[in-house]
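Please read the structure below before turning to the comments.
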Amino acid sequence: MNIYGYNLDDLENYFLSIGSKKFHAKQLFDWLYNKRIESFSEVTNLSKEVLSKVSSELSINRLKIVEVQKDVDVRKYLFELSDNEHIEAVLMKHDFGNSVCVSSQVGCNMGCHFCESGRRKKVRNLEAYEMVLQILMIEKEFGERISHVVVMGIGEPFDNYDNVMKFFSIINNPFGLAIGARHITVSTCGIVPKIKEFSKFPLQVNLAISLHAPNNELRNKIMPINKAYSLEVLIPALKEYYKKTNRRLTFEYILLKGVNDSLECAEELAKLVKGLNCYINLIPYNETNNIDFQRTNTVQIMKFYDILKKNKVCVTIRREFGGNISAACGQLRSKKEDV
Ligand code: SAH
């Protein structure tokens, strides 16, 4: 077990289980997340016996950063995991702070046609510690605090639900990285049973839904998940989620030229989200070498945007980062592994 996969409760239970004191958990958390030790030997306030037990049973190993690509206000990191698999994460510098987009799986099984991440099927889930370490290691390399986290890298977080929730409980803890729940966003392609489960999750983490189409016919064509959970099931589940949590939803909508960017689509989209407390984030498509989709031009994006506005939908157009450095999900890993 890697120590970065333990939340404070786990660590307290661990110390109790080895016949030691619960309060050591907070001390160790402080060493890990504030003093940022890289070896247990740096800990000075635990007895030799306790420390040798901890270091014989738990690992403090980090990930390997194998590549960093830099552009204005953005850095993209390629990590190597202990089993030689690769994942990526992206750091973005905003005026409100620094955000990191983390990966949640190696590969992805959702198979969205426009997305690079699914070109290789899921190899495995990421463990909570592998998500925590993406943040810790980027903070170290970048030299500034990460204030915001989005789970929008490689993988479908709700297909790795328990580890992702554990990850949230670790990075949110005030004795650790103390990243506020409202500064954390998890994005799903729409796995309805997990949306229901997530409505009971105690932290106020934001939910984003990758919608990308305003009707089933179109959504079935580009997102296979829609065949399992159609809009008739997804939208009521989101209404229910809002009723339970009172948290405003975000819809992501990639604009794909000639596919889902017509003005009729915009009207239909406005109708679909009517009555939901939400906002729509329009995403200019990040073109890749491998896939046949093209980005919608700026004029059409603005027309699409205007129709939503006219229908009183809250809408933003996503600021773009990293077009020059293959920062769209899965692109860097695809290059590395040549898939
Ligand atoms: N599986 C989750 C989270 C990862 S994808 C989900 O589907 O939400 C994060 C977002 O990036 C999704 O909205 C996804 O559809 C979008 N995306 C994928 N490829 C993209 C590309 N080439 N350009 C822009 N956005 C892309």
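Atoms within each ligand, like the ligands themselves, are counted from 1 in listed order. For the single chain, residues carry numbers from 1 onward in sequence order. Note: hydrogens, waters and symmetry copies are ignored here, and every other heavy atom, side chains too, is used.
Taking only non-hydrogen atoms, the option from Ile254, Thr288, Leu255, Thr188 nearest to atom 16 (C) of ligand 1 is Ile254. Evaluated by nearest non-hydrogen atom to atom 2 (C) of ligand 1, the leading choice among Gly153, Ser104, Ser187 is Ser187. The nearest non-hydrogen atom to atom 10 (C) of ligand 1, considering only Arg318, Arg295, Glu252, comes from Glu252.
Only side-chain heavy atoms of His212 come within less than 4.0 Å of ligand 1; its backbone N, CA, C and O stay farther off. At a 4.0 Å heavy-atom cut-off, ligand 1 does not touch Ile154 at all. Residue contacts with ligand 1, taken as heavy atom pairs separated by less than 4.0 Å, involve Asn286 via backbone and side-chain atoms alike.
Between Phe96 and His148, the distance separating the two ring centers is shorter than 6.0 angstrom.
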All N/O donor-acceptor pairs, side-chain side in residues 207-218, below 3.5 Å, sequence neighbours left out:
unit_1: Ser210; atom_1: OG; unit_2: Glu252; atom_2: OE1; d: 3.4
unit_1: His212; atom_1: ND1; unit_2: Glu252; atom_2: O; d: 3.3
unit_1: His212; atom_1: ND1; unit_2: Ile254; atom_2: N; d: 3.1
unit_1: Asn215; atom_1: OD1; unit_2: Glu217; atom_2: N; d: 3.2
unit_1: Asn215; atom_1: OD1; unit_2: Leu218; atom_2: N; d: 2.8
unit_1: Asn215; atom_1: ND2; unit_2: Glu268; atom_2: OE1; d: 3.2
unit_1: Asn215; atom_1: ND2; unit_2: Glu268; atom_2: OE2; d: 3.0
unit_1: Asn216; atom_1: OD1; unit_2: Asn226; atom_2: ND2; d: 3.0
unit_1: Asn216; atom_1: OD1; unit_2: Leu231; atom_2: N; d: 3.0
unit_1: Asn216; atom_1: ND2; unit_2: Glu232; atom_2: OE1; d: 2.7
unit_1: Asn216; atom_1: ND2; unit_2: Glu232; atom_2: OE2; d: 3.3

Taking distance alone, no hydrogens or angles, what donor-acceptor pairs closer than 3.5 Å link side-chain atoms of residues 304-315 to residues at least two apart or in another chain?
unit_1: Lys310; atom_1: NZ; unit_2: Glu267; atom_2: OE2; d: 3.4
unit_1: Asn311; atom_1: ND2; unit_2: Glu267; atom_2: OE1; d: 3.4
unit_1: Asn311; atom_1: ND2; unit_2: Ile307; atom_2: O; d: 2.9

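Residue Cys189 has at least one heavy-atom neighbour below 4.0 Å for each of these atoms of ligand 1: 6 (C), 7 (O), 8 (O). Close approach to Cys115 involves these atoms of ligand 1, each under 4.0 Å from a residue heavy atom: 18 (C), 19 (N). Every atom of ligand 1 is numbered from 1 in the order shown, and the set under 4.0 Å from a heavy atom of Phe114 is 15 (O).
Under the 4.0 Å criterion applied to side-chain N and carboxylate O atoms, Arg62 and Glu38 are assigned as salt-bridge partners.
Tyr129 contributes atom OH, which lies 12.0 Å from atom CD1 of Ile170 (distance to the nearest 0.5 angstrom).
In terms of polar-atom proximity, defined here as any N/O pair under 3.5 Å, Gly155 does make such a contact with ligand 1.
The shortest side-chain heavy-atom distance between Glu80 and Ile87 does not fall under the 4.5 Å cut-off.
In this structure a side-chain-to-backbone donor-acceptor pair under 3.5 Å is present from Asn109 to Lys122.
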